[in-house]
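The next block holds one structure in the form of structure tokens; read it before the comments.
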Amino acid sequence: MDYSELHEDRKRGTFDFPIELYYVDKNDPRYQMPLHWHLEYELILVLSGSFTLSLDGQIIELGAGDSAWIGDGVVHGGTPHDCVYECVVFDLGTLLHDTPLCSKSAAEFLSSENGFSGALKKGSEEAELADKIFQAMETEQKGYEWITVGLLWQLLGRLIKSSSGVSAQISRNHIIRLKNVLTYIRNSYKEPITLTELAQVAGMSPKYFCRAFSGFTGKTPIEYLNYYRIECAGEKLTLTKDSVTDIAFSCGFNDMSYFSKTFKKYKGVSPSAYRR
């Protein structure tokens, strides 16, 4: 799978246990988290440092010991700050389908419009349950699959009971339009892209589009395009033996000086140093 793809479309875990654990530190080429979404649910746990998380345009600051629950279809991404974090991604739809005791309230709670996405602060019962889920997945002791699923249901029950998720800062219609723009960037980042093109994809005037996009991502459209291109270049530098020049051109840069300058802006080192 090309992780840089915005809409992740992959199977998690196994058919019987559709849950996967990811451990991410500074040495991981996927350390940064560009905006993306998927049909599975996700838990993030910050082990050290801090993480600035965006959920459908809502910015949440997570510190060590904090977790976040992310619903399906929610556009999310963020910036780790001297951070080590873990992610558990799970197909809750499959788990619900295989659980006859699933109530109507749970199904309603998990719908895209009503579902919770937000922080589980360290010390809360919800955060403690999330921490136990990660522990079970890390140790993989005998019976951990049953323990993990049981803890997920306990956490879901707590979330349904408290149900006070973050509220979207922009309308659902705008989120759909901006998803289209992010998908366009994912599919066309190798080619020249103008602000006018992106505004047309969003169905907005350039001025209004810039304001909406910046509010959603924290970056101007062109800043985000360059950020996304550099993330793709960083992954290719790590995972392929292609030359720096070839990678720069394949990621939409036709000026090596500008590529090197932009790469260092986002990665802190030159492309060659990053590869080493």
Side-chain angles (χ1 to χ4, degrees), residues 3-4 6 8 12 19-38 40-90 92 109-110 112 115-138 148 151-152 154-170 175 182 214-219 224 227-228 231 234 266-268:
Y3 178 85
S4 61
L6 180 65
E8 291 188 355
R12 310 290 181 176
I19 305 173
E20 276 195 13
L21 171 70
Y22 302 90
Y23 175 89
V24 186
D25 60 18
K26 281 185 175 181
N27 296 318
D28 195 306
R30 300 162 185 174
Y31 180 60
Q32 296 283 336
M33 188 185 288
L35 291 174
H36 65 289
W37 74 90
H38 37 68
E40 297 86 4
Y41 286 72
E42 184 169 357
L43 271 173
I44 295 176
L45 171 63
V46 176
L47 299 176
S48 63
S50 61
F51 193 101
T52 301
L53 177 67
S54 172
L55 299 176
D56 276 349
Q58 181 84 9
I59 301 300
I60 298 173
E61 298 294 340
L62 301 175
D66 292 338
S67 301
W69 171 282
I70 303 171
D72 67 328
V74 173
V75 178
H76 59 285
T79 304
H81 309 286
D82 194 23
C83 181
V84 176
Y85 63 98
E86 292 181 316
C87 305
V88 165
V89 185
F90 48 97
L92 201 51
F109 172 82
L110 294 171
S112 296
F116 169 88
S117 289
L120 312 176
K121 286 298 183 179
K122 179 180 179 180
S124 67
E125 291 186 37
E126 292 82 3
E128 290 178 1
L129 284 169
D131 191 53
K132 290 179 181 178
I133 290 170
F134 282 97
Q135 288 181 28
M137 290 291 293
E138 289 165 4
T148 300
L151 288 168
L152 273 174
Q154 289 184 59
L155 177 55
L156 179 56
R158 290 292 309 175
L159 295 177
I160 293 173
K161 182 178 179 180
S162 56
S163 191
S164 58
V166 299
S167 58
Q169 290 183 320
I170 56 180
I175 289 174
L182 294 171
S214 295
F216 188 68
T217 66
K219 294 180 174 64
Y224 185 82
Y227 161 76
Y228 186 83
E231 284 304 305
Y266 287 108
K267 295 297 187 181

By side chain to side chain donor-acceptor pair (under 3.5 Å), which residues pair with Glu86, not counting sequence neighbours? none

List for me each residue that meets side chain to side chain contact (heavy atoms under 4.5 Å, CB included) alongside Asp25, sequence neighbours excluded, and say none if there are none. Tyr23, Asn27, Asp28, Val84

Using atom types as modelled and distance alone, determine if a side-chain donor or acceptor of Tyr85 lies under 3.5 Å from a backbone N or O of Tyr31. yes

Contacts of Lys132 that satisfy salt bridge (charged side-chain N to carboxylate O under 4.0 Å, His left out) - sequence neighbours left out: none

Measure the CG-CG distance between Asp131 and Leu120 for me, rounded to the nearest 0.5 Å. 11.0 Å

Let me see the working for Phe90 and Thr148 under side chain to side chain contact (heavy atoms under 4.5 Å, CB included), right down to the final yes or no. CA-CA 11 Å; Phe90 48 97; Thr148 300; over 6 Å; no

Quick one: list whatever passes side chain to side chain donor-acceptor pair (under 3.5 Å) with Glu138, sequence neighbours left out. none

State which residues pass salt bridge (charged side-chain N to carboxylate O under 4.0 Å, His left out) with Glu126; sequence neighbours excluded, sorted by chain then number. Arg158

Which value, rounded to the nearest 0.5 Å, describes the distance between Tyr228 atom OH and Leu35 atom CG? 10.5 Å

With sequence neighbours left out, write down each residue that passes salt bridge (charged side-chain N to carboxylate O under 4.0 Å, His left out) with Lys267, or none if nothing qualifies. Glu231

Can you give me the closest heavy-atom contact between Leu159 and Trp69, atom names plus distance? CD1-CD2, 3.4 Å

Under the criterion side chain to side chain contact (heavy atoms under 4.5 Å, CB included), I'd like the reasoning laid out for Ile70 against Trp37: C-alpha separation, chi angles, the key distance, then a yes or no. CA-CA 10 Å; Ile70 303 171; Trp37 74 90; over 6 Å; no

Nearest-0.5 Å distance, CD1 of residue Ile133 to CD1 of residue Ile19: 8.0 Å

What are the two closest heavy atoms between Phe134 and Leu43, and how far apart are they? CZ-O, 3.5 Å

Would Met33 and Ile44 satisfy side chain to side chain contact (heavy atoms under 4.5 Å, CB included), going step by step from the backbone distance to the final call? CA-CA 12 Å; Met33 188 185 288; Ile44 295 176; 4.0 Å; yes

Is any side-chain heavy atom of Leu152 less than 4.5 Å from a side-chain heavy atom of Val88? no

Residues which pass salt bridge (charged side-chain N to carboxylate O under 4.0 Å, His left out) with Glu128, listed by chain and number, not counting sequence neighbours: none

Is the side chain of Asp72 donor-acceptor paired with the backbone N or O of Tyr41 at a distance under 3.5 Å, no angle test? no

Apply ring pair (Phe, Tyr, Trp, His ring centres under 6.0 Å) to Tyr266 and list each qualifying residue two or more places apart in sequence or on a separate chain. Tyr227

Ala68 to Leu53 - nearest heavy-atom pair and separation: CB-CD2, 3.6 Å

Separation between CG of Asp66 and CG of Leu47, rounded to the nearest 0.5 Å: 11.5 Å

Show me the side-chain donor-acceptor pairs of residues 75-83 shorter than 3.5 Å, one per line, residues at least two apart or across chains.
residue	atom	partner	partner atom	Å
His76	ND1	His36	O	3.4
His76	ND1	Val74	O	2.9
His76	NE2	His36	NE2	3.2
His76	NE2	His38	NE2	3.4
His76	NE2	Glu42	OE1	3.0
His81	NE2	Thr52	OG1	2.8
His81	NE2	Thr79	O	3.3
Asp82	OD1	Lys26	NZ	3.1

Reported CG-to-CD1 distance for the pair Leu155 and Ile160, which is rounded to 0.5 angstrom: 10.0 Å

Verify the neighbour count for atom CD of Glu125: are there more than 12 heavy atoms of other residues, nucleotides or ligands below 6.0 Å? no

Ser67 side chain vs Ala127 backbone, donor-acceptor pair below 3.5 Å: no

Applying side chain to side chain donor-acceptor pair (under 3.5 Å), can you list everything that pairs with Lys219, at least two apart in sequence or on another chain? none

